[in-house]
Each structure stands twice: as structure tokens, then as C-alpha cells.
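Hydrogens, waters and symmetry mates play no part in the numbers below; they use all other heavy atoms, side chains included. Below, read A as the first sequence line, B as the second, and so on, with proteins coming before strands; counting in each chain starts at 1.
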Protein chains: 2
Amino acid sequence: MADFIHYCNSISPLSKEVMNEILSKLKSRTFVKGDLINKQGQVCRDLFFIEKGLVKHFYHSKNRVFILRFFPENNLFTILDSYINQTPAEFITIALEDTTLTYLEYNEVEELCRNHHSFETFMRKYISFAAFNILKRNKEMLEDDATERYNGFVKENSHLLQRISLGDIASYLGISQVSLSRIRAKK
Amino acid sequence: MADFIHYCNSISPLSKEVMNEILSKLKSRTFVKGDLINKQGQVCRDLFFIEKGLVKHFYHSKNRVFILRFFPENNLFTILDSYINQTPAEFITIALEDTTLTYLEYNEVEELCRNHHSFETFMRKYISFAAFNILKRNKEMLEDDATERYNGFVKENSHLLQRISLGDIASYLGISQVSLSRIRAKK
DNA sequence: GTGATTTTTTAACATATGTAAAAAAATACA
DNA sequence: TGTATTTTTTTACATATGTTAAAAAATCAC
């Protein structure tokens, strides 16, 4: 559980008081490979920290699957579309490996934000970095073709390559698996 | 100048105190069509509000131009990549029309965040919405082909269509102008 | 280890999009 | 109004990617 706190502190230092309050509120859950963490249509009530494991964040459309992002251990995540407005999630989150999550519930996060300036600051910075990462992906999608995106993914995620199937990588890149296979063969 | 305050309040209510402080710190600048608002390589020091006009936010790569976003009047914007880390901007911002901006400088924003919880909350919510919008674009780029993206753009931005050239729309969609022309002809 | 299942690759063909160059249309301006 | 400039469209061709189906390879379960 201390990892959650540690992660937060590395983004923006929290007061002792908040740290204790977080510790008292943190819950934990484990999932086995393939388990659903958040269904489509279910409001996401939590801010998750991945202690161990790997999750994917995806949705179905046009008979295809699109993966927005993978989150491995030592990452904070939430289902942005649902969390911000507390509306039903369009995205599905499942465990790609046996996974342990610690989390704060939405109401607790909001309360922490309300009552503790240092936590509010942390949240602002956390979301700023998240936005920046999403923007980077946006840029890649705009300017890079599939081959460049694949090479970029390999470079940025070498530590995850053994843990993610090529089918999932294709879904992340927004291309068919056949196309990815072709790209890999060309090398 | 009151529009800036009004916009902020519509996202998250500010205390009277902060509002006055913002008013005392707001600066204003006008640009004529074609003026550079922020150069590539220049650190973005400001949080801008568009009183009047239209700006585009773009960059060059591979002998092409890619537009990340258009911001018309009554919008808050900053150059996210540069603002967050106070590093040189990769993106360029120019005025597509005669434009009036009011703005707060980075240090003032940070100071407001530090000193006023309600402003920090506003910034968190503002950035959350920004992140959500960037994510929506991400999704479009992943799943939609150029024709769908064009139709989506037309639907979402009907009020801007007369103010943006087709070349710029193509750059926003991440396709060549020839391709956009073809798409429009197909109808 | 062996057979079943899942994942990955290959092949063949269709469509979408890029590039280059030129034509046409719209706009700016003297 | 007429000319120059800019924007948009069209044409022709090349490449990238999608789809379907089948083959090959890897992994899983017993």
C-alpha cells in the first residue's frame, strides 16, 4: 500500500496528514488473468494503483477492438471518460495477468481534494501528465504510419513486449493483426 | 476581462478573493491575422483566454503540417507540452484571424494555485476536461478513417467551417489536402 | 508427450491514402 | 476590372492497410 503513497509523492509532495488519511482509506483487490476490472456501461468509481500485474483499457467498435492503453505495475490509472463525469464507462478494463490493485473510491478522492490542498495539487499534476501522455499518442496517430507507430511502441515498451500479444499490440496501434504481421515481416 | 473569470467559474466556482486577484493580474494582447502567438522552441509561459478571434495550434514534421487543435473565442488554452514542464514548445500557435487574448503568466498561475484552493480545484477540473477532449480525439484517430473524421469534424464544428481553410482542416485530420478533396467530392 | 486451442503468419485481392503535377476556382489587390 | 496569388480540385500512379481464408507456429491442458 505504501507504493501508492510513494507514487503520489513522486509527482507532488503530500502532507503527512494526507498520507495517513490515504492509508486509512486505501482498499485492495486482486484479479486473475482475464478478470474484468471495469465493465462497459459501469460508472468508474475508483482511482487505481497497480501494485502488480498488467491491465488493458479497450473498447469494441465496428467489429474491431481498440486498445487505448496498457497499464503495468507501479502506475496510477482511472477510466477517464467515466471518472471525470461519473457517467457510464465506454471503455472496458481487464487484467492481462494476475493483478493486484489498491484504490481509492471516487467520493474519497473528491473528499481528499476538498480537504487537502496538497492532494488537490497532486491530482492536478497527475492529470496534467496524463493529458500530456494522451497528447503524445495523439501526435503519433496524426503523423506516423503503422510501421513508425510499431517501432515507436517497441522502443518505448521493450519491457512489456513479452507480456502483450501481437494481437493486442495491433489493437493498440489501430491496425489489423495481419497488417502488423506484414510490418514485422518486412524488417 | 470578466469573460476569463466567467469561464473559470463555469468550470469550478472561484472565491471572490481569487477573482479579484485574477483581475488584477490579467494582461491582454492583440494579434492580427497571421501573427505568431508562440514560436516553436519558446517556452510557453501563459494560460490564454481567447476573447475574440481564432488560433491554430500546429507543428511541422516530415514536410507536412499537423494541426493539433483550433481554439475559437471563449476558450482557455495553453501549450500543454511546454506549459507543464516549462520546456521549449514543440508546437507553434498562430492567429488565424485578428485575435484578442487575455492571459495569466505561468508564475502567477502557479502562485494562484498555491495560495487558493479554489483556483487549484478549477485548474484540476480544467485540465481534466482538456485531457478528456484529447482522449476523444485519440479515439477518433484510432477507429475512424479519414471520411468519418471529416464528417465528425463538420458535425462538431459547423460554426467554424467558414473560418478555416480546407487545407487546415486536412492538416487537422492528418490527411493530405488531395485526400480531403476526394472525400468531399465523393458525397 | 500428444492432441486441442490459440496465436501468428502468409496469400490474394480490394480500398484508402500519399505524392506530384496540372487545371480550375476563388480571392486579393492595384 | 483585370491580373496575380492562393486555394481547391482533378488526374494518374504508387504504397499502405483492410478483409477473408488458410497455413504454420506456439501454447495449453491433460
Side-chain angles (χ1 to χ4, degrees), chain A residues 32-35 54 56 58-67 70 94-98 137-154 157-158 160-187, chain B residues 32-35 54 56 58-67 70 94-98 137-154 157-158 160-187:
Chain A
V32 304
K33 184 176 174 173
D35 275 356
L54 177 65
K56 79 172 168 186
F58 70 104
Y59 65 101
H60 295 278
S61 179
K62 305 171 181 170
N63 281 325
R64 292 169 67 187
V65 168
F66 297 94
I67 296 179
F70 303 100
I94 75 170
L96 285 181
E97 301 172 354
D98 294 355
R137 180 139 148 81
N138 229 310
K139 231 190 104 209
E140 278 168 22
M141 293 302 298
L142 258 187
E143 76 176 282
D144 293 348
D145 66 20
T147 302
E148 295 169 309
R149 296 207 297 282
Y150 172 66
N151 291 333
F153 184 85
V154 168
N157 300 281
S158 49
L160 292 181
L161 289 183
Q162 309 315 318
R163 300 161 69 185
I164 300 176
S165 74
L166 290 172
D168 274 353
I169 292 178
S171 300
Y172 175 83
L173 297 174
I175 59 178
S176 66
Q177 175 152 4
V178 173
S179 194
L180 177 55
S181 228
R182 253 188 312 235
I183 286 165
R184 286 161 51 83
K186 253 190 326 202
K187 278 223 161 169
Chain B
V32 303
K33 182 175 176 175
D35 274 357
L54 178 63
K56 80 173 168 185
F58 70 104
Y59 65 101
H60 295 278
S61 178
K62 302 169 182 173
N63 281 325
R64 292 169 65 189
V65 168
F66 297 94
I67 296 179
F70 303 99
I94 75 170
L96 286 181
E97 301 173 354
D98 294 354
R137 180 137 146 86
N138 229 311
K139 232 190 104 210
E140 278 168 23
M141 293 302 299
L142 257 187
E143 74 176 286
D144 292 348
D145 66 20
T147 302
E148 294 168 311
R149 296 205 299 280
Y150 173 67
N151 291 333
F153 183 85
V154 169
N157 299 280
S158 49
L160 292 181
L161 288 183
Q162 310 314 319
R163 300 163 67 184
I164 300 176
S165 74
L166 291 171
D168 274 354
I169 293 178
S171 299
Y172 176 83
L173 297 174
I175 61 179
S176 66
Q177 174 153 3
V178 173
S179 195
L180 177 56
S181 226
R182 254 187 312 235
I183 286 165
R184 287 161 50 83
K186 254 190 327 201
K187 277 223 161 169

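Here the P atom of nucleotide C:dT15 and the NZ atom of A:Lys62 are 18 Å apart, to the nearest Å. C:dA11 atom C1' lies 16 Å from atom CD of A:Gln177, rounded to whole Å. We find that CD of B:Glu148 is positioned 16 Å from P of C:dT15, with the value rounded to whole Å. The nearest whole Å value for the distance from the CG atom in B:Leu180 to the C1' atom in C:dG18 is 14 Å. We find that NZ of A:Lys186 is positioned 5 Å from P of D:dA16, with the value rounded to whole Å.
Checked against a 6.0 Å centroid threshold, the rings of B:Phe66 and B:Phe58 do not count as neighbours.
Note on A:Glu143 versus B:Arg64: no salt bridge recorded, every NZ/NE/NH1/NH2 to OD/OE distance being 4.0 Å or above.
Checking A:Val178 against A:Asp144, the closest nucleotide of DNA chain D that is more toward the 5' end is the one next to A:Asp144. Mapping B:Lys33 and B:Ile175 onto DNA chain C by nearest heavy atom places B:Ile175 at the nucleotide closer to the 5' end.
Listed pair B:Ser179 / C:dG18 meets the phosphate criterion, a side-chain N or O lying under 4.0 Å from OP1 or OP2. Applying the 4.0 Å criterion to OP1 and OP2 of C:dT8, one finds that A:Arg182 has every side-chain N and O outside that range. OP1 or OP2 of D:dT10 has not a single side-chain nitrogen or oxygen of B:Ser181 nearer than 4.0 Å. Taking only side-chain nitrogens and oxygens, A:Arg184 comes nearer than 4.0 Å to OP1 or OP2 of C:dT9.
Among the protein residues, A:Ser165 comes within range of the sugar-phosphate backbone only, with heavy atoms under 4.0 Å from sugar or phosphate atoms but none that close to a base.
A:Asp144 approaches A:Arg149 most closely through the heavy-atom pair O-NH1, 2.9 Å.
Looking at the side chain of B:Ala146, the nearest of the listed nucleotides D:dT7, C:dT17, D:dT17 is C:dT17.
Side-chain atoms of B:Lys56 do not come within 3.5 Å of backbone N or O of B:Leu96 as any donor-acceptor pair.
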